[in-house]
Amino acid sequence: MESFPVINMENLNGEKRAITMDKIKDACENWGFFELVNHGIPPEFMDTVERMTKGHYRKCMDQRFRELVASKGLENVQTEVHDLDWESTFHLKHLPLSNISQVHDLEDDYRKVMKEFAVKLEKLAEELMDLLCENLGLEKGYLKKAFHGSNGPNFGTKVSNYPPCPKPELIKGLRAHTDAGGVILLFQDDKVSGLQLLKDGQWVDVPPMRHSIVVNLGDQIEVITNGKYKSVLHRVVAQTDGNRMSIASFYNPGSDAVIYPAPALMESKGEEAGEAAYPKFVFEDYMKLYAALKFQAKEPRFQAMKATESSPNLEPIATA
C-alpha cells in the first residue's frame, strides 16, 4: 500500500508549491487524512502543550479513570464491549465563546497555553480551508463563509488520554466513526500509536510523528464538496503499554450555518435543479442526529437529512 501522506507546508512557498498542492489534493481525494510538518506552530510550544497535558492527566484524571474502570468491571471483561471506549477525555470550547475559564481542575498556566494553542490551530485550519478551496476551484474564503452562520464557526478541542488497556482485543480506545464536522486538527502522541483509518477495506496506522499535526476531513466537507472529498472511518486501538495523548481540535460550521453542496461542484444540471446526491441542512440539526448515530455509517445520516430537507433555490455563498 502507498505510504501515508505527509505534507511539508514549507514547500507551499516556492517552486515546490504545485507538487505540494497536488499532494494535498490526492490526500483529500484518496485518504481523507494527511499529516502536516513545518506547519508554523513552534515545536517548543508543542512540547509545552504535551508536557502540561500529560501532567494534567496524571494529576487530575488518572485516578478518576481507574475508578471508572473498576466500577464497570472493565479489567475482567470476557466478551467484546460495544457501548463504551477506553479513553479519558475533557472538552474545551473556543468559538464562538470560550469555556476554558470554567473548566475545573485546569491550572492557570495550562489554561493560558491551551488558549494560545487554539488561536494557532484556528489560523492553521483557515489556511488549510483556503488550500482546499484552491484545489477545488472554489473562490478563496468559500469554505470559511460556508461555515460562518450568524456567529462564526464552532471551534473546540477534545483532550483525550488512552491509558494502557489489559484487553485491547475486547475494548476499543475509540470505536470506528467518521467525524461530523469540518476540518479536524490532531496533535497526537509521537511515541504511543493507536489511531487507524479505513482505506480500501483495510485498517491503516496513522504514523506518530514528532511535532506533526494530523488533519482529517469531516462529514460537512464531504457534503460541501459534493463527495469529491470524503470523510473516512477511523478508530483508536487501545494499547497494552503506554498512555497515548490525543488533542483533537474541530473547526466546524456555526450552529445555524446552512450546509449544502457548492453549486460550482455540482456535476449536472439535474443536480443544480435539486437532485443533489447530498442534502441541504442546518448544521445543528445534523449534530443532533449524529449524537445518536455517531458509531453507525454516515450514509443513513445523509439520507435522513435529505428526507427532512426543504429545498428553496440554493443561493451562491458570497465571499466578498
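The structure displayed is predicted, hence computed values, not measured ones. Just so it is clear, the values below take in all heavy atoms, side chains as well, and ignore hydrogens, waters and symmetry mates.
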Does any part of the side chain of Pro261, heavy atoms only, come nearer than 4.5 Å to the side chain of Val223, both counted from C-beta? yes

Glu75: partners by salt bridge (Lys or Arg N to Asp or Glu O under 4.0 Å), with sequence neighbours left out: none

Does the pair Asp130 and Lys144 meet the rule for a salt bridge (charged side-chain N to carboxylate O under 4.0 Å, His left out), with working shown? CA-CA 8 Å; Asp130 276 343; Lys144 184 177 178 182; over 6 Å; no

For Ser160, is there any backbone N or O sitting under 3.5 Å from a side-chain donor or acceptor partner on Arg244? no

Heavy-atom distance under 4.5 Å between the side chains of Ile259 and Tyr278, does that happen here? no

Donor-acceptor pair, distance only, cut-off 3.5 Å: does the side chain of Asn151 make one with the backbone of Gly254? no

Do Lys54 and Glu50 pass the salt bridge (charged side-chain N to carboxylate O under 4.0 Å, His left out) test, and can you show the C-alpha distance, the side-chain angles, and the key distance before you say yes or no? CA-CA 6 Å; Lys54 290 182 173 179; Glu50 179 173 0; 2.8 Å; yes

Salt bridge (charged side-chain N to carboxylate O under 4.0 Å, His left out) assessment of Asp108 paired with Arg111: CA-CA 5 Å; Asp108 287 344; Arg111 282 184 217 275; 3.8 Å; yes

All salt bridge (Lys or Arg N to Asp or Glu O under 4.0 Å) counterparts of Asp47, not counting sequence neighbours: Arg210

Taking the side chain as everything from C-beta on, heavy atoms only, tell me whether Ile24 gets closer than 4.5 Å to Leu132. yes

Side-chain (His211) to main-chain (Ile41) donor-acceptor, under 3.5 angstrom: no

Distance-only, no hydrogens or angles: does the Gln78 side chain make a donor-acceptor pair with backbone N or O of Asn76 under 3.5 Å? yes

Could you go through the salt bridge (charged side-chain N to carboxylate O under 4.0 Å, His left out) check for Glu139 and Lys145 one step at a time? CA-CA 10 Å; Glu139 292 176 69; Lys145 186 76 175 177; over 6 Å; no

Quick check on side-chain hydrogen bond (donor to acceptor under 3.5 Å, both in side chains): which of His56, Lys112, Lys59 does Glu107 satisfy it with? Lys59

A side-chain contact here means heavy atoms from C-beta on lying under 4.5 Å apart; do Leu84 and Leu74 qualify? yes

Looking at Tyr286, is its backbone amide N or carbonyl O close enough to the side chain of Arg301 to form a donor-acceptor pair, meaning the two atoms are under 3.5 Å apart? no

Rounded to the nearest 0.5 Å, the OG1 atom of Thr89 sits from the OH atom of Tyr162 at a distance of 8.0 Å

Does the side chain of Ile221 come within less than 4.5 Å of Phe147's, by heavy atoms? yes

Min side-chain heavy-atom separation Tyr251-Leu143 under 4.5 Å: no

Same apolar cluster (I L V M F W Y, side chains within < 4.5 Å links), Phe90/Ile184: no

How about Asn11 and Ile19: do any of their side-chain heavy atoms sit closer than 4.5 Å? no

Within this structure, what is the NZ-CZ distance for the pair Lys288 and Phe281, rounded to the nearest 0.5 Å? 13.5 Å

Less than 4.5 Å apart, side chain to side chain, heavy atoms only: is that true for Lys23 and Phe34? no

Do Asp219 and Ser231 have side-chain N/O donor and acceptor atoms under 3.5 Å apart? yes

side-chain contact (heavy atoms from CB on, under 4.5 Å) evaluation trace for Tyr57 with Thr53: CA-CA 6 Å; Tyr57 176 78; Thr53 299; 6.0 Å; no

Evaluation steps, side-chain contact (heavy atoms from CB on, under 4.5 Å), between Ile7 and Thr20: CA-CA 7 Å; Ile7 309 296; Thr20 305; 3.8 Å; yes

Please verify the inter-ring angle class for His94 with Phe155; under 30° counts as parallel, over 60° as perpendicular, anything in between as tilted. tilted

Calculate, to the nearest 0.5 Å, the distance between atoms CD1 and CD belonging to Ile171 and Glu80 respectively. 9.5 Å

Determine, stepwise, if the pair Arg235 / His177 fulfils side-chain contact (heavy atoms from CB on, under 4.5 Å). CA-CA 7 Å; Arg235 68 184 186 183; His177 63 288; 5.9 Å; no

What distance separates Asp179 CG from Leu217 CG, expressed to the nearest 0.5 Å? 9.5 Å

Following the transitive rule for hydrophobic clusters with a side-chain heavy-atom cut-off under 4.5 Å over Ile, Leu, Val, Met, Phe, Trp and Tyr, establish whether Met209 and Met9 coincide in one cluster. no

Taking atom types as modelled and ignoring hydrogens, do the side chains of Asn99 and His91 form a donor-acceptor contact shorter than 3.5 angstrom? no

Donor-acceptor pair, Asp256 side chain versus Gly149 backbone, under 3.5 Å? no

Criterion side-chain contact (heavy atoms from CB on, under 4.5 Å) on Lys298 and Tyr290, from CA distance to verdict: CA-CA 9 Å; Lys298 64 188 170 183; Tyr290 180 86; over 6 Å; no

